[in-house]
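Notes follow once the structure below has been shown.
Convention: sequence-line order gives letters A, B, ...; per-chain numbering from 1. Only this structure's heavy atoms are used, side chains among them; waters, hydrogens and symmetry mates stay out.
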Amino acid sequence: MSRLEVRSLSKRFGGLLAVDGVSFSVEVGECVGLIGPNGAGKTTVFSLIAGEREPTGGSVVLEGRSLDRLAAFRRARLGLARTYQRLEVFPDMTVLDHLLVAQLAHRGSTGVIRDLLGRGRPTQTEIGRATDVLDQVGLADEADRVVASLSLGTCRLVELARALVTSPSLLLADEPSSGLDAEESARLGEVLVRQREAGLAIVVVEHDLDVVAQVCDRAVVMDLGRVIADAPVAEALADPAVRSAYLGVGR
Amino acid sequence: MSQALSYALPGIPYGCTFALVAIGLVLSYQSTGVFNFAFGAQAYVAAMAYSVMVRHGLGRGLSGVLAIVVLSPLLGLGIDRLVFSRISPGNVAAKTIAALGLMVGLPAAVTIALGPVQEASPPSLLFDVNTVVLRVAGTPVDGVQLATVVLTLLVVVGLSAMMRFSLLGLEMRAAVESPRLLRLQGVSSRRVTSVAWIVSSSLAGLAGVLLAPRYATVSIDNYTVLLVAAIAAAAIASLDSMGIAALASIAMGVMMGLATGYAPAGSVWSTGLLAAIPFFLLLILLAVNPKLRRLGQSADPLAGVDPPGVPILAPPRSPVLDRSLRIVGPGVLLLGIVSVLTWVPSSWVFVVTAGLGLSLIFLSITMITGAAGQVSLCQATFAGVGAFTAGQLATNSGVPVVVAAVAGGLVAAGAGLVAALPALRLRGLALSLSTLTLALLADAIAFPTAWIGGPPSGLTVPRPTLGPISFATDSTRPFFVLVLAIVVIVGFFVRRLLRGATGRGLDAWRQSPLASAGLGYSPNRTKVVIFALSAGVAGLGGGLWGSLLQVVSPADFTYADSLLFVVIVITVGARSVAGAVEAGIGFALLTHLAGYLPNRISPSSIVALAFSIGAFTYAAHPEGIVEQLRRHATVLADSGVRRMGSASLEVIAGRSKR
């Protein structure tokens, strides 16, 4: 059974068919690069998988379970985590708080009654888990910094750490390397590779082909809402249709 | 048929009065991006100015011109320059709070300027109420009605044309969408926004002056009721089209005219419910129109280049300072409590106790506004529900008043739950609107009913007795201890909520709904529970407050109180329990002190004005003024301690060198 199966997903915005019958699957421990030119519909596919938008047609299956009727927060609790193309951090919170709140939200234990009984504070295990993940992405020194005071690249890593802290089964990373400097970018690659080896299924929307080549096994190439290639990275990039659409060769 | 016509026709000019305000709301929303809660207050200022000028013999024409063409535009310009131009376009919360501050502050300023007197309504600007100008199908139409209809038509057509076809209108719409893009086109977005405020403020002035003769006195309450009715019409138009808003207003007027005609005279229906039709309409619209739920959400394509907001100061502290603060804070608190219990004169003890009682009500605002980030405008109403329940139970059923106050809290929590269920899907502006509407409904229909709000002479809420201890002595001291104990207990639990999972989750959701849902967070149940709990706390506070006053009446818990309370708590600090207590005691003390001012200055107005000005600082200091000052002082003290520390280190180092 595939970790994630996307079956002929489509989304229409008025007269525009932004996503047109997209199908692909991701296996356990596999990293798939979802690539394609701007406006190909990659981020829309992410938002359909995550449940932020309702698809016009098609379905999404996570570990054999259909997600089609589930709200975004329920999909997240089933093990789907994501980062965002346009940053979605909590500006007034510290880095550590991001990871703590993620764990609370994931357990669905933000109830009022627990708090009134005095059991609402994060546990030692949760704090330990958060510190571990911060170590992994290299943010240990920034744990107590308020996120509004961090650089764009660091914020991307915060989003990644926040997504990883709940031990998801599927990670959707939307342009994780944009705004990162070379060092941060390399660390990002390492983190993704290590997570993949630990069994996480990853889909990355990425423009930096070096990152794609480093972390991805396979590339799904989109253009104008359709999948035009689905093959190992090197093979996909050599595909003439991909070269024409993505690199503008021969167009 | 002709009877129906004679009922319906007067509804048209009546509807036009809503229309003028509804158009103003649409215009200011489209041209400034602010949902202008203060529109009614602006109209009130112009009406007051007109009325006073006419009374001093300035003549109707000249007074009208001065009020509408000079004063109102200046007011609009002032509001823009002093308040809204300092708030970034994406900061919806700050804009709403600033508008609420104006809604409280403008009438207070008028009362301070003119003294707390009732202003009899002025003669009409154009024509006269008593002159029948023409008859339509046998129904007389007076001068004011005709003028209202004609002017409304002119305004709709003129302003719609301006927004749609003129360059200025285009620039105004662009300035709301993205002031940055407009500036990149070489247009001064500041100038455009100022012009927009001048135009919409003039319209408010026109509406104010034109509508003043309809009422017996010029009073802000009339304009607020008119405002909310007009919001219903503007909501039908989704704040999109002035034409539709005007048509909806007129339809509403005709509907109300028909209902007035056919309702049996003297029934509850004809006295209270009728006037409430627009309120019910607005509540329904807010629940069903998805466009309204997204009100005020900015979609500036360049929002991403905004510099990030100033992070709230959280300095690294020196351990010395930390330790001494941990002693000093509770020390001062203890000193205060001991003072109140020993040497403070009993009139001041009463004031402090009143402040504590208020801080319980204010804690409810800390829960809903500070934690959940939602501005509820009916917390005084919930306090009223608590107070009236306590009073009815204690006086009519002989229930001990402490039990009755707790029961009051429970009833208020129930009311809050009912109010929260439709509000479940609402947030931001829509929630503020629906709670304001609920407060007005309670003021108009529920509280004046004898079995709820008590007889017109007021409802007695006795002081409690606990076993052998009576709190009804002349001194308020024992009662102070009781209220203090309750505040401490409630404060303890509110603090747990703020610092626990609830507070964190809501905080995350407020800052990014998308990401918090992406983490598995769903705020819906928490929101309802918090709303109900906060209503319960307000109700309990209301019961105690009533017991302190010993007699309560509907006038103690009006929508205006709700507004003032929110403004006060936000100004002082809505994010902490200490903030609520400081707000309560500070407000009580300031009001008491203001009583020593010369007689003609109303103490409550001057305090309201002060706090509403404070509300304008929300954009810069969302954590509240007191909290900001405290953090600032800590930073200063911290660097002072560090400097002293390093200086003494240098001395030691110098000695050892020698």
Checking [X] against chain B: side chain, backbone, both or neither under 4.5 Å from a heavy atom?
X	result
A/V165	neither
A/A102	both
A/L78	neither
A/L100	side chain
A/P122	side chain
A/R162	both

What closest approach, in Å, do [X] and [Y] show between heavy atoms, and which atom pair accounts for it?
X	Y	value
B/G518	A/A76	O-CB, 3.2 Å
B/R504	A/D97	NH1-OD1, 2.7 Å
B/Y521	A/F73	O-CB, 3.4 Å

Is it the case that more than 12 heavy atoms not belonging to [X] sit under 6.0 Å from its [atom1] atom?
X	atom1	result
A/R129	CZ	yes
A/R119	CZ	no
B/R510	CZ	yes

Report the distance from atom [atom1] of [X] to atom [atom2] of [Y], rounding to the nearest 0.5 Å.
X	Y	atom1	atom2	value
B/Q511	A/H98	CD	NE2	7.5 Å
B/L519	A/R77	CG	CZ	11.0 Å
A/L116	B/L533	CG	CG	6.5 Å

Exercise. Quick one: of B/A517, B/A508, B/G500, who has the most non-hydrogen atom pairs under 4.5 Å with chain A?
Worked result: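 Most heavy-atom pairs within the cutoff with chain A belong to B/A508.
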Exercise. Within the distance-only criterion (no hydrogens, no angle test), does the side chain of A/E52 pair as donor or acceptor with the backbone N or O of B/L514 below 3.5 angstrom?
Worked result: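 No, the answer is negative, given that no donor and acceptor are paired below the 3.5 Å cut-off.
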For this session: Pick out which of B/L498, B/T526, B/L497 makes a side chain to side chain contact (heavy atoms under 4.5 Å, CB included) with A/D115.
Result: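 Running side chain to side chain contact (heavy atoms under 4.5 Å, CB included) over B/L498, B/T526, B/L497 with A/D115 returns exactly one hit, B/L497.
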Exercise. Which of the residues A/R82, A/M93, A/R121 is involved in the greatest number of heavy-atom pairs with chain B at under 4.5 angstrom?
Worked result: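 Highest number of heavy-atom pairs under 4.5 Å: A/M93.
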